[in-house]
Undergrad: 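Mind looking over this structure? Questions follow.
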Amino acid sequence: MSFIVAIDGPAGSGKGTITKIVGEKLGLVNIDTGATYRCVTLAVINNKYKLEETEKIVNLLNKIKIEIKKDLKGEEQFFLDGEDVSKEIRTPKVNELVSQISHIPEVRERMADFQRNIAQGKNVIMEGRDIGTNVFPNANVKIYLDATPEERARRRQKQNEEKGIQTTFEEILENIKFRDNNDKTSKVAPLKQAEDAIYLDTSEMTIEEVSEKIISIVNEKLNKVIK
């Protein structure tokens with residue numbers, strides 16, 4: 001039996017950072033679902049496929065191998081066909097295409113199955129855009145994180161700088177607005193708040209405040225499950 005915490009929200013809303021912190025503090029397995037789509041996107045780029053070559057992209061899913069491992073510090077590492085691509089999947093070239101690739105129905109379906117298989121039998125915290133609505137509609141806890149586009153762009157720029165990735169604020173903000181529109185209007189698993197999800201606007205909240213709020217929500221639910 002699994003205990004599932006689903007964290008959804010738009011790009012740059014802090015899902016990845018918060019999920020990691022909460023997962024570590026509560027002993028939950030943290031799965032970055034967005035990174036799985038990034039791996040597929042990188043594979044598409046490496047094979048020089050165009051977005052309109054949907055059949056080739058779908059066939060590619062049968063050839064590539066995506067693995068999630070932990071390094072000595074417990075950090076998640078993402079491998080594509082045996083190669084560590086943890087940093088490469090965060091580069092601008094992937095950022096520009098990942099939203100479009102993730103909107104291909106077959107890609108969405110295959111990655112959702114991949115994510116469910118990883119979570120099977122585990123106590124998991126998983127973040128993405130459709131975890132509480134599509135991947136795990138019966139999740140024990142559902143949180144929808146949000147923030148203004150400008151605040152999300154500032155956060156993403158800081159993350160990029162820490163990873164040595166050079167991008168301007170304007171580029172990031174434009175990409176975030178594009179992804180917001182793309183994700184919310186998608187015909188395949190669109191970004192939206194699940195009816196039973198708790199909404200948190202984190203624009204004026206610190207990472208610590210958001211983490212503690214979610215930990216409190218999860219603990220309350222865990223206590224009810226145990227009882």
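Numbers for residues simply follow the sequence, beginning at 1.
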Undergrad: Indicate yes or no: at least one non-hydrogen side-chain atom of L173 is less than 4.5 angstrom from one of E170.
TA: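 A side-chain contact under 4.5 Å is absent here.
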Undergrad: Closer than 4.0 angstrom, basic N to acidic O: yes or no for E212 and K25?
TA: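 Salt bridge flag = yes for K25 with E212.
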Undergrad: Examine the side chains of R110 and N62 and answer whether a donor and an acceptor come within less than 3.5 Å of each other.
TA: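 Checked: R110/N62 side chains pair up, N/O donor to acceptor below 3.5 Å.
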Undergrad: Considering only heavy atoms from C-beta outward, does the side chain of I4 approach that of N123 to under 4.5 Å?
TA: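 No, too far: nothing below the 4.5 Å cut-off.
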Undergrad: Report yes or no: is the cationic atom of K69 (NZ for Lys, CZ for Arg) closer than 6.0 Å to the six-membered ring centre of F79, at no more than 45° off its axis?
TA: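 Judged by the rule, K69 and F79 form a cation-pi pair.
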Undergrad: Return the set of residues passing salt bridge (charged side-chain N to carboxylate O under 4.0 Å, His left out) with K163 (not counting sequence neighbours), or none when no residue passes.
TA: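 None.
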Undergrad: Taking D130 first and then R108, would you say they form a salt bridge - that is, a charged N and a carboxylate O separated by under 4.0 Å?
TA: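 Yes, D130 and R108 are salt-bridged.
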Undergrad: If the test is side-chain contact (heavy atoms from CB on, under 4.5 Å), which one of N95, T91, I89 qualifies with K93?
TA: T91
Undergrad: Would you kindly say whether N134 and R129 are connected by a side-chain donor-acceptor distance under 3.5 Å?
TA: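 Their side chains do not contain a donor-acceptor pair, so the 3.5 Å distance test is not met.
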Undergrad: Are side-chain N/O atoms of T167 and Q157 paired as donor and acceptor at under 3.5 Å?
TA: no
Undergrad: Do K65 and E67 sit within salt-bridge range, that is, some charged N less than 4.0 Å from a carboxylate O?
TA: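 Salt bridge present between K65 and E67.
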Undergrad: Does the side chain of S99 pick up a donor-acceptor pair with the side chain of D183 at under 3.5 Å?
TA: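 The answer is yes; a qualifying pair exists.
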Undergrad: Among side-chain atoms of T19 and N30, is any donor-acceptor pair under 3.5 angstrom?
TA: no
Undergrad: Can you give each donor-acceptor pair under 3.5 Å made by side-chain atoms of residues 44-52, sequence neighbours left out, with the distance rounded to 0.1 Å?
TA:
residue: N46; atom: ND2; partner: L42; partner atom: O; Å: 3.4
residue: N47; atom: ND2; partner: A43; partner atom: O; Å: 2.8

Undergrad: Provide the closest heavy-atom pair for F78 versus R90 in the form atom of the first, atom of the second, distance.
TA: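 So the two residues come closest at CE1-NH2, 4.5 Å.
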Undergrad: Run the side-chain contact (heavy atoms from CB on, under 4.5 Å) check on I68 and Q77 step by step: do they pass?
TA: CA-CA 6 Å; I68 304 175; Q77 292 179 303; over 6 Å; no
Undergrad: Of all the heavy-atom pairs spanning D180 and P10, show the shortest one and how long it is.
TA: OD1-CB, 3.5 Å
Undergrad: Could you go through the side-chain contact (heavy atoms from CB on, under 4.5 Å) check for D146 and Q193 one step at a time?
TA: CA-CA 10 Å; D146 203 1; Q193 180 183 348; over 6 Å; no
Undergrad: Let me know which of R156, E161, R155 forms a side-chain contact (heavy atoms from CB on, under 4.5 Å) with Q159.
TA: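 Going through the options one by one, the only one that passes is R156.
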